Amino acid sequence: MSRPRRRGRISVVVLAGWLFADLLLVLALVSMADRPDPLADRPRAKDGTKPSPSASPTPTGPRSVELQPEEFRVKGTDKDDLTAQIHKNTGKWADREAALVLTFGGSRNGEAYAHRVNTLLGKGRPGMFTKKTATDDFHNLGDPASTAKVRVYFYTTPGG
């Protein structure tokens, strides 16, 4: 013969659960009531006009690198000619600083040619290609010898 269940004990557990849920609801409402209204009007100056916005702070912290590279090509073997091509081809980005440069030299010895081009970057545009600019040399078997495709990844501009 089994004992009959007591209903009182189950209802106390259920009651405690509802009480706990209600308490959490009250605490959530109190914490939301403590926050200011984000859609409220901005504070007004003493004469009744809105105060002028303060200058936005200058961004600080590490810079980031743009996802899309800029690209140009150079060809030839003369150092002065390559330097002039680098200077001419990077003119539209003269005010920017390069973070990473990937250079793809043509043919089997393209990696050596890409390295040669990368060593001339700082001479062609010193403000853009600093000693902190990371470079890497690759070869591209599909391009002719003494040609290179240069991909430049720039730092992003502050606030943009």
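This chain uses plain numbering: 1 for the first residue, then up along the sequence. Note that these values count all heavy atoms, side chains included, but never hydrogens, waters or copies made by symmetry. Bear in mind the structure is a predicted one, so any value in this text is a computation, not a measurement.
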Heavy-atom closest pair, residues G105 and A114: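 So the two residues come closest at N-CB, 3.7 Å.
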Is there a side-chain contact between [X] and [Y], using heavy atoms and a 4.5 Å cut-off?
X    : Y    : answer
K149 : E71  : yes
T77  : S146 : yes
K123 : H87  : no
T147 : V74  : no
F104 : V150 : no

Check the side chains of S64 and T156 for a donor-acceptor pair under 3.5 angstrom, ignoring hydrogens and angles. yes
Indicate whether the side chain of D137 and that of T103 have a donor and an acceptor atom separated by less than 3.5 Å.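 No donor-acceptor contact under 3.5 Å links the two side chains.
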Kindly check if the number of other-residue, nucleotide or ligand heavy atoms within 6.0 Å of CG (N109) is above 12? no
Any chance CG of L67 has more than 12 other-residue heavy atoms, nucleotides or ligands included, within less than 6.0 Å?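 12 or below, so no.
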Side chain of Y155, backbone of V65: donor and acceptor closer than 3.5 Å?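 Here the side-chain-to-backbone pair does not exist.
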Distance-only, no hydrogens or angles: does the T133 side chain make a donor-acceptor pair with backbone N or O of A98 under 3.5 Å? yes
Please report, to 0.1 Å, the donor-acceptor pairs under 3.5 Å made by any side chain of residues 88-96, with sequence neighbours excluded.
from, atom 1, to, atom 2, distance (Å)
N89, ND2, R73, O, 2.9
N89, ND2, Q85, O, 3.2
T90, OG1, I86, O, 2.7
T90, OG1, R125, NE, 3.1
R96, NH2, E66, OE1, 2.9
R96, NH2, E66, OE2, 2.7

When hydrophobic residues are tied together by side-chain contacts of less than 4.5 Å, even through go-betweens, does F72 share a cluster with F154?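 Cluster IDs for F72 and F154 match.
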Would you kindly confirm whether F138 and Y153 end up in one hydrophobic cluster when ILVMFWY residues are joined by side chain heavy atoms under 4.5 Å apart? yes
